Amino acid sequence: MSSGAGTQPEWLNFEQQHVWHPYASMLDPMPVYPVRSASGVELELEDGRRLIDGMASWWCAIHGYNVPELNQAIEDQLQRMSHVMFGGLAHEPAARLASLLLQLAPEGMQHVFFADSGSVSVEVAIKMALQYWQAQGRKEKSRLLTIRHGYHGDTFGAMAVCDPVSGMHHLFSGLLPGHYFADPPTARTDEEWDDVQIESFRALITEHRHEIAAVILEPLVQGAGGMRFYAPEFLQQVSLLCAEYDVLLIVDEIATGFGRTGTMFACEKAGIFPDIMCIGKALTGGYISMAAVLTSEKVCRGVHAGGDVLMHGPTFMANPLACAVALASIKLLLAGDWQGRVQAIERQLSDELAACRALDGVADVRVKGAIGVLEMKQAVDVAAVQHTLVEAGVWLRPFGKLIYTMPPYVMRPDQLSLLTSAMFDAASHGH
Ligand SMILES: *Cc1c(COP(=O)(O)O)cnc(C)c1O
């Protein structure tokens, strides 16, 4: 490795012994790479190496890093106020952001609840759905229906609708509410739709409609649960069944929102209108944690029908810095040809990753929008693969059997080619 111990910063040793990293052992830590700064689509390590970032920091830095317009928005807001409580106070950045979100969202979304992370927005969405039915005097509608291989966050309510196997339900069995899990659609989007895909879902919703408050789904792309893609027809069927059986539909657009799959929100591709929508991740262009729950008029009125209010209010609700940078990020997105960029990335990923299909260790290659996935036949050795990738000058974070990229939309074709050839090399080395 070109970075000898001598080039490591002095704080790293302490950090490794005392600071938890996500999904990692504190006692037997995996290597971490110290970063000094980031700009454009590059991370600069403490030893001076520059890596092309194919992760957009877990899918949120859609414009890359150190973006002048976004820096300016934060600096301007900082001069006015970085934060005030949202209980009893209101401010322009939140109002303007809410207005822009409702303009962009699918028709019917009328109200915005600002949360501080994606997981919290999922908690709020679930709480709204439960409270909606309680207020109608239908307390028995208290369960959720979803599909396996989903991911909705790491807090308890969200965890209970994550995939029961990969979602660590076994660690907390007995503590998590029992929800219903249908077979996920297996249709590839290039195959013709077959109604058999919806059968398991239809059976569950038909049988349990009296106790199901809401369906929750990631539209078109199941992200952290396995980077699986499915056809819009599935969503259309789900939406029809929800309407038929009086079940609310929550779409979790936290990963797919803001253009990642080629449309502003993935559910647009299916032409469906959810009752509740969660957004997060790319909302602030990757600058500050923030999420939001959007709801229809029907849900909003229903939640209050029993005379109660929604009992939720994070300390940093509608943080003005986050609102200001989110507003700037969305304006920046709309000012450029984001759709053309995502399409160009999609074409290039399809062309350049196709060669990976011939590799022994590769089970599947799939691309949707600005998402490129290599599914290996076996779980990858993350530390080894990451080392290979860093040596090649790129940053990716494989998990399970997957080596994948969700690059910033501003990545140049030559930078993307470096990424895809590093993915090919990593996949061909067989680890
Ligand atoms: C990342 C993610 C979440 C959780 O968001 P956090 O901000 O990490 O809490 C929820 N749902 C989906 C689909 C996600 O991709």
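A quick note: this is a predicted structure, and the numbers were derived from the prediction, not measured. Remember, it's 1-based here, ligands and their atoms both numbered in the order they're listed. FYI, the numbering just counts along the sequence from 1.
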If we count only N and O atoms by modelled type, under 3.5 Å, do the side chains of Tyr132 and Asp275 hold a donor and an acceptor together?
no
Give the atoms of ligand 1, by number and element, whose distance to some non-hydrogen atom of Ser119 is under 4.0 Å.
4 (C), 5 (O), 6 (P), 9 (O)
Residues Lys127, Glu123: salt bridge by 4.0 Å N-O rule:
no
Identity and distance of the protein heavy atom lying nearest atom 2 (C) of ligand 1:
Lys281 NZ, 2.5 Å
Strictly distance-based, threshold 3.5 Å: is any side-chain N or O of Thr146 a donor or acceptor partner for the main-chain N or O of Ile216?
yes
Contact between Trp59 and ligand 1, counting heavy atoms under 4.0 Å?
yes
So, taking the atom named CG in Leu204 and the one named CD in Glu199, what distance separates them when rounded to the nearest 0.5 Å?
12.0 Å
Which of the ligand 1 atoms, numbered from 1, are nearer than 4.0 Å to a heavy atom of His152
10 (C), 11 (N)
Nitrogen or oxygen atoms of Asp252 and ligand 1 under 3.5 Å apart:
yes
Report, in ascending order of atom number, the atoms of ligand 1 lying under 4.0 Å from any heavy atom of Ser117.
7 (O), 9 (O)
Could you check atom 5 (O) of ligand 1 against the protein and tell me its nearest heavy-atom contact, residue, atom and distance included?
Gly118 CA, 3.2 Å
Is any side-chain heavy atom of Thr261 closer than 4.5 Å to a side-chain heavy atom of Val221?
yes
Output the list of atoms in ligand 1 that are nearer than 4.0 Å to some heavy atom of Gly153, sorted by atom number.
4 (C), 10 (C)
Does the side chain of Gln386 come under 3.5 Å of the side chain of Tyr33 through a donor N or O and an acceptor N or O?
no
